[in-house]
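Have a look at the structure below before the remarks.
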Amino acid sequence: MNLRVRVVHCTCAGDQHWFADIDDTDDPQPDDPYWFVDRCRSQAEALERACARLLELSTDALRSGSLIRVQEAHLVSV
């Protein structure tokens with residue numbers, strides 16, 4: 001598994017902020033990452049938070065052999 005960090009500058013209704021996510025490089029759709037954070041005040045903050053989480057995810061992957069995507073971790077019964 002090859003994980004990647006993506007950092008994006010967003011402007012929503014005049015509110016500028018940074019978004020970061022971590023996903024598999026082989027995933028053609030970036031709609032369900034392993035982790036994400038939104039509303040960071042700077043590119044550096046988004047990157048720092050993503051790198052810290054990437055280290056945690058790599059430790060989890062070594063221990064368990066797999067990772068859980070955001071949507072799998074937050075399943076809600078209706």
Side-chain angles (χ1 to χ4, degrees):
M1 175 182 292
N2 295 313
L3 297 177
R4 67 177 162 96
V5 171
R6 180 175 63 138
V7 177
V8 179
H9 187 242
C10 305
T11 302
C12 300
D15 176 33
Q16 295 190 13
H17 60 276
W18 292 85
F19 168 90
D21 69 6
I22 297 174
D23 206 351
D24 188 347
T25 57
D26 296 330
D27 185 3
Q29 297 292 328
D31 59 343
D32 190 16
Y34 291 105
W35 174 87
F36 74 93
V37 65
D38 198 5
R39 305 271 178 222
C40 294
R41 285 177 245 141
S42 67
Q43 182 182 29
E45 178 189 354
L47 191 54
E48 285 174 22
R49 292 178 69 179
C51 288
R53 185 63 181 137
L54 185 60
L55 181 58
E56 293 171 8
L57 286 172
S58 64
T59 302
D60 293 347
L62 285 173
R63 255 189 257 143
S64 67
S66 66
L67 295 174
I68 298 173
R69 293 187 175 274
V70 170
Q71 288 182 8
E72 291 175 81
H74 296 96
L75 290 176
V76 177
S77 299
V78 178

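Computed from a prediction, not measured in an experiment: that's the story for all the values here.
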(message) So, using ring pair (Phe, Tyr, Trp, His ring centres under 6.0 Å) as the criterion, who are the partners of His9 when residues are at least two apart?
(response) Trp18
(message) Please check this pair: side chain of Thr25 against backbone of Asn2, looking for a donor-acceptor N/O pair closer than 3.5 Å.
(response) yes
(message) Minimum heavy-atom separation for Asp32 and Asp23, please, with both atom names.
(response) O-OD1, 4.1 Å
(message) Quick check on Phe36: does its CZ atom have over 12 non-hydrogen neighbours (other residues, nucleotides or ligands) under 6.0 Å away?
(response) no
(request) Would you confirm whether Asp21, through its side chain, and Pro33, through its main-chain N or O, come within 3.5 Å as a donor-acceptor pair? (result) no
(message) Checking Ala50 now: which residues fulfil side chain to side chain contact (heavy atoms under 4.5 Å, CB included) with it, not counting sequence neighbours?
(response) Val5, Ala20, Trp35
(request) Output all residues satisfying side chain to side chain contact (heavy atoms under 4.5 Å, CB included) with Ala61, sequence neighbours left out; order by chain, then residue number. (result) Leu67
(request) Identify, with sequence neighbours excluded, every residue that meets side chain to side chain contact (heavy atoms under 4.5 Å, CB included) alongside Asp26. (result) Asp24
(message) For Tyr34 versus Leu57, what's the shortest heavy-atom pair and its separation?
(response) CB-CD1, 4.2 Å
(request) With rounding to the nearest 0.5 Å, note down the distance linking SG in Cys51 to CD in Glu56. (result) 12.0 Å
Under 3.5 Å, which donor-acceptor pairs link side chains of residues 40-49 to any protein atom two or more places apart or in another chain?
{"from": "Ser42", "atom 1": "OG", "to": "Glu45", "atom 2": "N", "distance (Å)": "3.0"}
{"from": "Glu45", "atom 1": "OE1", "to": "Arg41", "atom 2": "N", "distance (Å)": "2.8"}

(request) Only counting residues at least two apart or in another chain, list the ones meeting side chain to side chain contact (heavy atoms under 4.5 Å, CB included) with Ser64. (result) Ser66
(request) Quick one: pull up CG in Leu3 and CD1 in Ile22 and give me the separation to the nearest 0.5 Å. (result) 7.0 Å
(request) Indicate the atoms forming the closest heavy-atom contact of Asp31 with Gln71, along with that distance. (result) O-NE2, 3.7 Å
